[in-house]
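In the text below, chain A, chain B and the rest are named by the order of the sequence lines, each starting its count at 1.
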2 protein chains.
Amino acid sequence: MSQESTLANLGESESLRRTIGRLIQGEYTLVGPGDDAAVVRAPDSRYVVTTDTMIEVHDFRLDWSTGFDLGFKAIASNVADVAAMGAKPTALVVAIALPGTTDISWLEAFADGLNAAITELAPGAEVVGGDIARSEQVFISVTAHGDLEGREPVLRSGAKPGDVLAVAGTLGRAAAGLSILQSGIADVISAFDDLVGIQLRPQPPISAGVSASLAGATSMLDISDGLARDAHRIAKASGVSIEINGKDLQGFEATLEQAAMRLGVHSSDWVRFGGEDHSLLATFPADAVIPREFKPIGQVVTQTDNLVTLDGIELQQNGWDSIRG
Amino acid sequence: MSQESTLANLGESESLRRTIGRLIQGEYTLVGPGDDAAVVRAPDSRYVVTTDTMIEVHDFRLDWSTGFDLGFKAIASNVADVAAMGAKPTALVVAIALPGTTDISWLEAFADGLNAAITELAPGAEVVGGDIARSEQVFISVTAHGDLEGREPVLRSGAKPGDVLAVAGTLGRAAAGLSILQSGIADVISAFDDLVGIQLRPQPPISAGVSASLAGATSMLDISDGLARDAHRIAKASGVSIEINGKDLQGFEATLEQAAMRLGVHSSDWVRFGGEDHSLLATFPADAVIPREFKPIGQVVTQTDNLVTLDGIELQQNGWDSIRG
């Protein structure tokens, strides 16, 4: 790492040029990066838009995550919110702030991570604009857009008694990966590098969002703060209660059992309360053909005092709060 | 300020609820804040999108700017980029990260500042989503959207020899305000509170962006980094040179003369190199009827070695670089 290739030395224009020059192009962009703003197609005259922020110390550590990892995660966590509306991701803008001493190679790896996540999770989408600024604490803010392709958005508020509750994607893996990293035990980290990988580069089932919408999903969200907390959100927004069946979670727990034993914790805590897998939680009418990506884990009932129960017992709203921690 | 009303104490949901509850509604929103994403109308099946970040220490100081000021400035600087495309601002998402010890009243004032800027500068627009997170350094990241209403976007690259160069809005006022704040001299700050006010709460001529587009502007941008640097951007993108006439800048300098004398500086430096007024710089064909908000200050000529000249002498590209400072 030479002095010459730091961001402070290269300046904003050259840093932007080198980063933007690496980005892949998408199918929805009419005017891409480089002007005051981009211009993006909205084929059905509407667009979905969501924003999410990642902050050093609170959301990631630079000794755990590479630039590539953070680029990947920034895209994955945001396109999951687009998918949770039943939309197809189309365009993103990315703002990043970092110390002037950062080497340009870190930023180039970040851009490669953006590309990799788009290619794997949201083909056809594109980073259409961005901002690079200087800060002491690293800060990444992404705004993602999506195309509903003429369908109605799937909100959190449409769940009805009698609906089936189902999840697409993994539960507890990202939380397990975090616990493993926090343990600091090198051979545990090495043995469970698949779980660590999900924490660093989540793999949400993006196309399942459109599948759910087409199948008639009545409500949906992405599980960013844990099954318990996010199930509460659907129950509250829809005015219903949600019953989760413990036996349907056993498969998720089984895949985490070995790691849990090594760390002396319960795998069920990761599955119930762990966030950041960005899996999709949705409800479907009882007579719907549930898409193959989704696994039923419970049902929607008339609202009672307990918004979410697991095998009949109240499931507390434990989970991640982005301000309290 | 009581312990009970800090963000750390209230948590994310309650902090979001109190902030979102204050926001005014707009004309383009189909699904507003509160779900995984918002849904916004794009009447002509396209939208303009731009993002910009403000960072404590580098872009603002909390002892100079109130929460209200920062909310106002975050909107103003972003809708100026939308206007610079010839579009009407429609929807915004706002991400803010700040210490958990911050009192909720600060965040409420920030929301009020967002509202005030929208009401004054971009009526009909709305904050459709956001994110509140915890950090040690305050970060504000805004993504703004706009509606081209069927028109072609006005890019930086369309200026042609023979075009007239014109500016809508003020030049050098925000920079003068910054110099005054930096002087730390209380009675100067008080005497020139109008200039300080423009630094803290810029007043870009947003509706002039649409006027310029309707009048046939061939290129446009908002002056965020100073007339010299931003004129260079048009010249470079368009493959032309730009001649600025010193006599046409005298009016801008005259209004800053008293403040400049008090600080012992040249008002012309503020006018030529000062950023953050977010005024609109545009080029028009010689036979266009230039909208009344715009004042001609020069002309476009065939490209020479000097991309921008002032009275025939090269104007260096001095100005603000968001990474180098």
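- Heavy-atom distances place the side chain of B/Ile55, and not its backbone, under 4.5 Å from chain A.
- Note on B/His145, B/Met220, B/Gln137: by heavy-atom pairs under 4.5 Å with chain A, the leading option is B/Gln137.
- Contacts between B/Ser219 and chain A at a heavy-atom distance below 4.5 Å are absent for every atom of the residue.
- At a 4.5 Å heavy-atom cutoff, A/Thr29 makes no contact with chain B through either its backbone or its side chain.
- Within the 4.5 angstrom heavy-atom criterion, only side-chain atoms of B/Leu30, from C-beta onward, approach chain A.
- Between B/Phe139 and A/Phe139, the angle of the ring planes stays under 30°, which puts this pair in the parallel group of the 30/60° scheme.
- One finds the CG atom of A/Asp35 at 5.0 Å from the CG atom of B/Leu155 (value rounded to the nearest 0.5 Å).
- Looking at A/Met54, there are no atoms closer than 4.5 Å to chain B (heavy atoms on both sides), in backbone or side chain.
- Side-chain contact between A/Glu56 and B/Glu136 is absent, with no heavy-atom pair separated by less than 4.5 Å.
- A/Ile96 does not touch chain B: none of its heavy atoms, backbone or side chain, sits under 4.5 Å away.
- Atoms NE2 and OG, on B/His232 and A/Ser13 in that order, are 11.5 Å from each other to the nearest 0.5 Å.
- Of all the heavy atoms in A/Met85 and B/Ala37, the pair that sits closest is CE-O, 3.2 Å.
- Residue contact with chain A, scored on non-hydrogen atoms closer than 4.5 Å, involves the side chain of B/Pro153 exclusively.
- Contact annotation for A/Val49: both backbone and side-chain heavy atoms come within less than 4.5 Å of a heavy atom of chain B.
- Between B/Asp222 and A/Asp36 the shortest side-chain heavy-atom distance falls below 4.5 Å.
- Contact of B/Val128 with chain A is made through the side chain alone, with heavy-atom distances under 4.5 Å.
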